[in-house]
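Here the structure comes first, spelled out in structure tokens, and everything after it is commentary.
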2 protein chains.
Amino acid sequence: MIVAKQYLETHGIRPSQQRIAVMHYLLTHRTHPSVEEIYDGLKGEYSTLSKTTVYNTLKTLSESGAVLTLNIAGTNANYDGYVAPHAHFLCTRCGKIYDVELAHSDLMGKNLPEGSQINDVQLYYKGICGRCSSK
Amino acid sequence: MIVAKQYLETHGIRPSQQRIAVMHYLLTHRTHPSVEEIYDGLKGEYSTLSKTTVYNTLKTLSESGAVLTLNIAGTNANYDGYVAPHAHFLCTRCGKIYDVELAHSDLMGKNLPEGSQINDVQLYYKGICGRCSSK
DNA sequence: AAACAAAGTTGTAATCATTACAAATAATGA
DNA sequence: TCATTATTTGTAATGATTACAACTTTGTTT
């Protein structure tokens, strides 16, 4: 929790109870959870927590670069507290999202539109994971 | 239209009027339109067209690999009739989606999960395009 | 510490994209 | 033609996300 708090401060986000809780959840659950999963995971401990707060918090965190918003699933967003450059693999059978490490510069130096400024890069793979295909 | 029809047949999709119309729309509008835009663009010519049909058709086309489904925008899906490997750039100010050409093999040979099988790769860039940032 | 202002949280009610479904229509094959 | 199957259509649900206004907490000024 102390780590989460410092993490927020580093990113210039005021560390409220709820924000610390959400950030801590993401730092300790490397499963790319949805809003629903984060909310369900925290509501036991923080009985007054509102789902709207989880939405608000994740928006704040994402805009400050403290977390990543993944739109890999199509139906809903997933969140990642690990923000170093890496790709993601979605198993379309079990729904799990795996991290995929990248060689440095893998996402750089493309033919981007003239004069554009890049704020975010996402590389998504979709398919069937080993566990699922061996069943 | 004849091209769209052949295109569908190549992909093993029965070429109904509606499917030809949607495919043709995508082949002649390289703007990565949403369902809404495709529907609005076609309903004049095909007065009985239903939005559900556009959804159904795009699902069919996407599953056969005849079109690409882009989840870059987060709020809604966008569709691309150009299916050769390439990346996309979303300007978060004007909402336009640009094609970004890739060097061959840019998306290959990563540290994917053991034994996994990849069906789809999407590389998304987000930022401000040149036109918008020069205003 | 009291009073005030600003920021954050909460619950409820909208909104919007997408899917479910069942009836109607069109295409296909015997 | 008749029967079977695929496709289309409109409407009604679903589900994720946002809008909003009341409430609470935090921070600041005196």
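Residue numbers begin at 1 in each chain, while the letters A, B, ... track the order of the sequences.
We find that CG of A:N78 is positioned 15 Å from C1' of D:dG15, with the value rounded to whole Å. Distance, A:L58 CG to D:dT18 P: 11 Å, rounded to whole Å. The nearest whole Å value for the distance from the CD atom in B:Q17 to the P atom in D:dT8 is 10 Å. Distance, A:L42 CG to C:dT9 C1': 15 Å, rounded to whole Å. Distance CD (B:E63) to P (D:dT7): 12 Å, rounded to an integer number of Å. As rounded to whole Å, 14 Å separates atom C1' of C:dA26 from atom CD1 of B:I20. The nearest whole Å value for the distance from the CD1 atom in A:I38 to the P atom in D:dT17 is 11 Å. Here the P atom of nucleotide C:dT12 and the CG atom of A:N56 are 16 Å apart, to the nearest Å.
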*Would B:D80 and B:H86 satisfy side-chain hydrogen bond (donor to acceptor under 3.5 Å, both in side chains), going step by step from the backbone distance to the final call?*
CA-CA 11 Å; B:D80 193 343; B:H86 65 291; 3.0 Å; yes

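Checked by atom type, the side-chain pair B:Y124/B:Q122 shows a donor-acceptor distance below 3.5 Å.
Around atom NZ of A:K126, more than 12 heavy atoms belonging to other residues, nucleotides or ligands sit under 6.0 Å away. By the 6.0 Å contact criterion, CD on B:Q17 is open, its count of non-hydrogen atoms from other residues, nucleotides or ligands being 12 or less.
Under 4.0 angstrom from either OP1 or OP2 of C:dT9 there lies no side-chain N or O belonging to A:T48. For B:T52, no side-chain nitrogen or oxygen approaches OP1 or OP2 of D:dT11 to under 4.0 Å. The side chain of A:T53 places an N or O atom within less than 4.0 Å of a non-bridging phosphate oxygen (OP1 or OP2) of C:dT10. For the pair A:R19 and C:dG8, the criterion of a side-chain N or O lying under 4.0 Å from OP1 or OP2 is met. For D:dT9, one of the phosphate oxygens OP1 or OP2 lies less than 4.0 angstrom from a side-chain nitrogen or oxygen of B:Q18.
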Enumerate all atom pairs, one protein N or O and one N or O from nucleotides 15-18 of chain C, separated by less than 3.5 Å.
residue	atom	partner	partner atom	Å
C:dT18	OP1	B:A77	N	2.9
C:dT18	OP2	B:Y55	OH	2.9

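A donor-acceptor pair is defined here as one N or O able to donate and one able to accept, closer than 3.5 Å; no such pair exists between the side chain of A:R19 and the backbone of A:I13.
Toward the 5′ end of DNA chain C lies the nearest nucleotide of A:R14, the other residue of the pair A:R14 and B:R14 mapping further downstream.
For C:dT9, the base has no donor-acceptor partner in the side chain of A:T57 [N/O atoms by modelled type, under 3.5 angstrom].
The aromatic rings of A:Y25 and A:H29 sit parallel, their planes meeting at an angle under 30°, below the 60° perpendicular limit. Aromatic ring orientation, B:F89 versus B:Y98: tilted (interplanar angle from 30° to 60°).
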